[in-house]
Each structure stands twice: as structure tokens, then as C-alpha cells.
Amino acid sequence: MLTGKRVGLGITASHCTYEDVVPKIQNFIDAGATVIPIITHSVLHAATRFGTGEEWIAKIEALTGEKVISSIKEAEPFGPSNPLDAMVIAPMTGNSISKFANAATDSPVLMAAKATLRNGSPVVLGISTNDALGLNGINIMKLLNAKNIYFIPFGQDSPHGKPNSLIADFDQMVDTVHAAITQKKQLQPLLIQYFK
């Protein structure tokens with residue numbers, strides 16, 4: 001399905017979703033892709049009840065067989081000199097959504113995404129934010145209409161407890177990337193009923 005493709009996997013600081021996202025790296029590998037992991041500064045330095053940055057980096061590097069990209073300088077060559085076939089950011093926090101929608105490139109993940117768009121290759125977003133139906137909804141709408149940007153299908157994860165929260169169905173990561181690379185199409189349905 002993705003044989004020979006180089007896929008950047010950007011991970012931002014939605015710590016509670018790592019347990020769901022990181023094991024799915026194997027799905028990309030099983031589909032034939034090489035996965036290049038890229039993380040934000042907060043992933044690198046955070047120590048939360050979900051684990052430390054060092055623990056997650058060790059797991060990610062073990063799965064991918066690649067060194068984690070953790071600086072803007074390391075991410076910049078994903079422009080014309082070392083292009084990716086696609087970039088997926090999962091999980092993508094509301095903070096990173098806001099910055100990306102407004103062209104602020106202040107992390108390795110956003111630099112790699114910018115470089116990938118510059119090459120005309122797809123960027124796939126797997127949102128995970130408690131504010132998607134609040135102020136970040138404006139930024140999500142901007143990105144929904146942008147060229148070469150696709151979304152992993154998403155829905156509400158806690159409509160009664162967190163009514164503004166949306167999260168991607170990370171089980172659909174590989175299919176979304178495949179549709180973006182091969183057909184330049186958004187995987188449908190985009191909006192799903194999703195209760196964790």
C-alpha cells in the first residue's frame with residue numbers, strides 16, 4: 001500500500017493519546033513505508049502521568065528504526081534536499097493547529113510540515129484537542145480548505161464531559177495517508193461518530 005514511501009510522523013504534546021498513536025507506527029511499517037519520527041520540544045521535555053519524553057522517544061525509535069528529529073535545524077532538510085512523500089501529524093494539539101493555520105513555524109514538526117507542503121506533498125492531520133469546537137474551530141476550518149492538507153477522520157470523544165473536544169480515529173491513519181498520496185483525496189467520511 002505504501003511500499004517505498006517515506007512518511008514523516010510528527011508528534012505533538014497530546015500526551016494522553018500516545019498510547020493509542022505510537023503502536024500504530026507498526027501499521028505504516030506493515031504497509032511498506034519508512035517512518036521518520038519528528039517531535040515538538042514539549043514531547044522531548046515533558047514528564048507526565050503518561051510517561052517521560054525519554055520513554056516515548058525510546059519506544060518510537062525502537063518501532064521505526066530511525067532517530068527522532070527533535071530540532072528545527074534537523075527538520076528543515078525535508079524541503080527539496082530530503083523530501084518526504086507525506087507528513088502526518090498525529091496527535092496534533094490545538095496549539096499546533098493554531099500555529100500551523102497561521103503559518104507560525106516554531107517547532108520541528110511544523111517545520112517538517114511546511115517543508116512537505118513546499119514540495120507539493122500531502123500533510124495529514126490527526127487532531128486531538130479539547131477546543132476544536134471552540135476558538136480552534138476557526139483554525140480547523142482554515143486548514144480544511146487548504147491545498148494538500150488532509151484530516152484523519154475525527155469525532156467527539158466526550159460529547160457530554162468535553163463538548164468542544166474532537167479527536168481523530170487513529171486507526172484510519174494509514175488509509176488517510178494512502179488516499180492523500182495516491183488520489184489526492186480526503187478519506188471519507190471525515191466526520192464520524194466517535195466515542196472513546
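Side chains are part of it too, since the values below use all heavy atoms of this structure and drop only hydrogens, waters and symmetry mates.
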Could you state the interatomic distance from CZ (Phe170) to OH (Tyr18), rounded to the nearest 0.5 Å?
10.5 Å

For Asn136, is there any backbone N or O sitting under 3.5 Å from a side-chain donor or acceptor partner on Asp131?
yes

Between Asp169 and Asp171, is there a donor-acceptor pair closer than 3.5 Å when you use the side chain of the first and the backbone of the second?
yes

Could you check whether any side-chain N or O of Glu66 sits under 3.5 Å from a backbone N or O of Pro37, counting only pairs where one atom can act as donor and the other as acceptor?
no

Identify the two heavy atoms, one from Pro80 and one from Asn119, that lie closest to each other, and give their separation to 0.1 Å.
N-OD1, 3.5 Å

Is it the case that the side chain of Gln188 and the backbone of Leu190 share a donor-acceptor pair, with hydrogens and angles ignored and the cut-off at 3.5 Å?
yes

Go through the steps to decide whether Val177 and Met173 satisfy the test side chain to side chain contact (heavy atoms under 4.5 Å, CB included), and finish with yes or no.
CA-CA 6 Å; Val177 171; Met173 272 199 298; 5.5 Å; no

From OG1 (Thr129) to CG (Asn164), nearest 0.5 Å
9.0 Å

hydrophobic_cluster_shared for Ile149 and Leu191, side chain cutoff 4.5 Å:
yes

Given the rule in the side chain to side chain contact (heavy atoms under 4.5 Å, CB included) test, do Ile39 and Ile69 qualify, once you have shown the distances and angles that lead to the verdict?
CA-CA 6 Å; Ile39 61 171; Ile69 304 297; over 6 Å; no

Is it the case that the side chains of Asn139 and Lys99 hold a donor-acceptor pair, with the cut-off being a distance below 3.5 Å and no angle test?
no

Which side-chain N or O atoms in residues 83-98 pair as donor and acceptor under 3.5 Å with protein atoms at least two apart or in another chain?
| residue | atom | partner | partner atom | Å |
| --- | --- | --- | --- | --- |
| Asp85 | OD2 | Arg6 | N | 2.7 |
| Thr93 | OG1 | Ser96 | N | 3.2 |
| Thr93 | OG1 | Ser96 | OG | 3.4 |

Which value, rounded to the nearest 0.5 Å, describes the distance between Gln183 atom CD and Tyr150 atom OH?
10.0 Å

Might you point out which heavy atoms bring Val123 and Ala113 nearest each other, and give the distance in Å?
CG2-O, 3.7 Å

Closest approach of Asn148 and Gly120, non-hydrogen atoms and distance?
ND2-O, 2.9 Å

On a heavy-atom basis, the closest approach of Leu117 and Lys147 is CD2-O, 4.0 Å

What I want to check is whether the side chains of Ser14 and Ser128 have a donor and an acceptor closer together than 3.5 Å.
yes

Closest heavy-atom contact between Ala115 and Glu76?
CB-O, 4.3 Å

Does any part of the side chain of Thr34, heavy atoms only, come nearer than 4.5 Å to the side chain of Lys5, both counted from C-beta?
no

Please round to the nearest 0.5 Å and tell me the distance separating atom OG of Ser165 and atom CD1 of Ile127.
8.5 Å

In this structure, are over 12 heavy atoms from other groups packed under 6.0 Å from Glu19 atom CD?
no

Quick check on Lys184: does its NZ atom have over 12 non-hydrogen neighbours (other residues, nucleotides or ligands) under 6.0 Å away?
yes

Examine Met111 and Leu9 and state if one hydrophobic cluster contains both, with Ile, Leu, Val, Met, Phe, Trp and Tyr joined whenever side-chain heavy atoms are less than 4.5 Å apart.
no

Using side-chain heavy atoms (C-beta onward) and a distance below 4.5 Å, is Leu143 in contact with Leu125?
yes

From CD1 (Ile25) to CG (Asn27), nearest 0.5 Å:
10.0 Å

Shortest non-hydrogen contact from Val124 toward Ala180
CG2-CB, 4.1 Å

Under a 4.5 Å cut-off applied to non-hydrogen side-chain atoms, are Ile38 and Val68 in contact?
no

Side chain to side chain, Lys67 and Glu74, heavy atoms closer than 4.5 Å:
yes

I'd like to know if the side chain of Thr17 and the backbone of Asp20 have a donor-acceptor N/O pair within less than 3.5 Å.
no

Check whether any side-chain heavy atom of Phe100 sits under 4.5 Å from a side-chain heavy atom of Thr105, and report yes or no.
no

Atom CG of Asp30 and atom CE of Met1: how far apart are they, to the nearest 0.5 Å?
11.0 Å

Got more than 12 heavy atoms from elsewhere within 6.0 Å of CG, Leu144?
yes

Is there a side-chain contact between Leu187 and Phe151, using heavy atoms and a 4.5 Å cut-off?
no

Examine Ile72 and Val109 and state if one hydrophobic cluster contains both, with Ile, Leu, Val, Met, Phe, Trp and Tyr joined whenever side-chain heavy atoms are less than 4.5 Å apart.
no

So, the side chain of Lys142 versus the backbone of Ile138: is there a donor-acceptor pair under 3.5 Å, distance only?
no

Thr64 side chain reached by Ile36 side chain, heavy atoms, under 4.5 Å:
no

Determine whether a donor-acceptor pair (N or O, by modelled atom type, separation under 3.5 Å) exists between the side chain of Glu55 and the backbone of Thr52.
yes

